[in-house]
Amino acid sequence: REVAWAGLASPQAALELFQRANDLAGNGLTAFELAIDRAVDFSVRHIPGNAPPLEGAHPWYVLVEISSGRSAQDARTLMEALLGGAFEDGLVADAAVAGSLAQADAFWRLRESMSDSQKPEGASIKHDISVPVSSIPGFIERAGTQVQRVAPGARLVAFGHMGDGNLHFNVSQPV
């Protein structure tokens, strides 16, 4: 299996990357997780041992896992083709592919600790939403706008299983 984090500008860019990954890897695309920068920041700041997935900051991140029943090299080739093409087209701003099993586990630990990392930030309202994958960018934009209208200063902490159409659409209290 190959595991990578990529930095992107928007949920729409993540959707385009997901479609490419699905077309390229098919059933070998075993995970596609979306996270807003705040979810990554909270997880790095509040969970000991977590580190930023990339050198620079990005508005949105995806964690991609590609597996292959044929060989580890096949999974690596698919990941390199996906990320290489996305870089060339300006879809991905930066990416890091895990260089070891330990690093792949660390990449996943960062994602899996996002829920717990919200606690030190104060009260939050947690929602699990399910929409068609193609509707995720529009949902985030519209719902995020409504959250700010109702609760100015509230902080959106959206992350989750974009590849399944499921997200944790959480809202943390204002600072």
Side-chain angles (χ1 to χ4, degrees), residues 1-44 47 49-117 128-140 157-169:
R1 80 181 170 142
E2 288 294 319
V3 181
W5 277 103
L8 308 115
S10 68
Q12 184 61 44
L15 177 60
E16 290 177 39
L17 186 64
F18 170 74
Q19 291 166 336
R20 288 181 182 203
N22 199 38
D23 290 345
L24 184 68
N27 290 336
L29 179 61
T30 48
F32 197 94
E33 302 284 314
L34 175 68
I36 195 168
D37 59 349
R38 184 171 291 114
V40 171
D41 177 58
F42 286 0
S43 192
V44 169
I47 306 298
N50 281 353
L54 304 171
E55 288 189 23
H58 303 278
W60 291 88
Y61 294 84
V62 293
L63 177 66
V64 181
E65 182 178 271
I66 295 177
S67 302
S68 173
R70 291 183 294 264
S71 70
Q73 182 57 47
D74 186 51
R76 181 170 268 316
T77 299
L78 290 170
M79 185 69 80
E80 289 172 354
L82 172 66
L83 295 176
F87 272 123
E88 287 176 13
D89 295 340
L91 192 58
V92 169
D94 193 10
V97 179
S100 67
L101 184 56
Q103 190 176 27
D105 290 345
F107 282 4
W108 274 107
R109 186 175 53 254
L110 176 65
R111 162 56 189 92
E112 291 167 352
S113 62
M114 288 180 180
S115 287
D116 290 340
S117 72
D128 285 337
I129 60 113
S130 182
V131 297
V133 173
S134 62
S135 298
I136 287 176
F139 176 88
I140 290 171
V157 187
F159 62 92
H161 323 293
M162 183 172 187
D164 296 334
N166 299 305
L167 286 181
H168 305 288
F169 191 82

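- Contact between Pro53 and Leu110 at its shortest, heavy atoms only, is CD-CD2, 3.6 Å.
- Looking at Phe18 and Leu29, their side chains come closer than 4.5 Å, going by heavy atoms from C-beta outward.
- For Ala39 against Ala158, the heavy-atom pair with the smallest separation is CB-O, 4.3 Å.
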Intermediate values then yes/no, side-chain contact (heavy atoms from CB on, under 4.5 Å), Leu167 and Ile136: CA-CA 8 Å; Leu167 286 181; Ile136 287 176; 3.6 Å; yes
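- Note that CG of Leu78 and CD of Gln73 are 10.0 Å apart. Values are rounded to the nearest 0.5 Å.
- For the atom pair CG of Leu91 and CG of Leu83, the computed distance is 10.0 Å after rounding to the nearest 0.5 Å.
- Contact annotation: the side chain of Glu80 never approaches that of Glu2 to less than 4.5 Å [non-hydrogen atoms, C-beta and beyond].
- The two residues Ala96 and Leu54 make their nearest non-hydrogen contact at N-CD2, 3.5 Å.
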Test log, rule side-chain contact (heavy atoms from CB on, under 4.5 Å), inputs Leu82 and Val64: CA-CA 10 Å; Leu82 172 66; Val64 181; 4.2 Å; yes
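- By the neighbour-count criterion of 12 heavy atoms within 6.0 Å, atom CG of Asp23 is densely surrounded, having more than that number from other residues, nucleotides or ligands.
- Taken to the nearest 0.5 Å, the CD1 atom of Ile66 stands 10.5 Å off from the OG1 atom of Thr77.
- Here the CG atom belonging to Leu15 is positioned 4.5 Å from the CE atom belonging to Met162, to the nearest 0.5 angstrom.
- Nearest heavy-atom pair, Val133 versus Gly165, reported as atom, atom and distance to 0.1 Å: CG2-N, 3.6 Å.
- Considering CG of Asn22 and CG of Asn27, their distance stands at 8.5 Å, rounded to 0.5 Å.
- Listed here is the closest heavy atom pair of Arg109 and Gly49: NH2-O, 3.9 Å.
- You'll find the side chain of Trp5 stays beyond 4.5 Å of the side chain of Val62, heavy atoms only.
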Verdict with reasoning, Phe159 to Phe169, per ring pair (Phe, Tyr, Trp, His ring centres under 6.0 Å): CA-CA 7 Å; Phe159 62 92; Phe169 191 82; over 10 Å; no
Evaluation steps, side-chain contact (heavy atoms from CB on, under 4.5 Å), between Arg76 and Val97: CA-CA 9 Å; Arg76 181 170 268 316; Val97 179; 3.6 Å; yes
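- Between the side chain of Ser113 and the backbone N or O of Asp116 there is no donor-acceptor pair closer than 3.5 Å.
- Applying the side-chain hydrogen bond (donor to acceptor under 3.5 Å, both in side chains) rule to pairs touching residues 51-68 yields Arg1-Glu65, Thr30-Glu65, Thr30-Ser67, Glu65-Trp108, Ser68-Asp74, sequence neighbours excluded.
- Closest heavy-atom contact between Pro11 and Pro137: O-CG, 3.5 Å.
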Verdict with reasoning, Asp89 to Arg20, per side-chain contact (heavy atoms from CB on, under 4.5 Å): CA-CA 12 Å; Asp89 295 340; Arg20 288 181 182 203; 2.8 Å; yes
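- Not counting sequence neighbours, Phe42 has no partner by the ring pair (Phe, Tyr, Trp, His ring centres under 6.0 Å) test.
- A distance of 8.0 Å separates CG in Leu8 from CG in Leu34, rounded to the nearest 0.5 Å.
- The shortest distance between side-chain heavy atoms of Pro59 and Ile36 does not fall below 4.5 Å.
- For residues 62-96, no pair satisfies ring pair (Phe, Tyr, Trp, His ring centres under 6.0 Å), with sequence neighbours left out.
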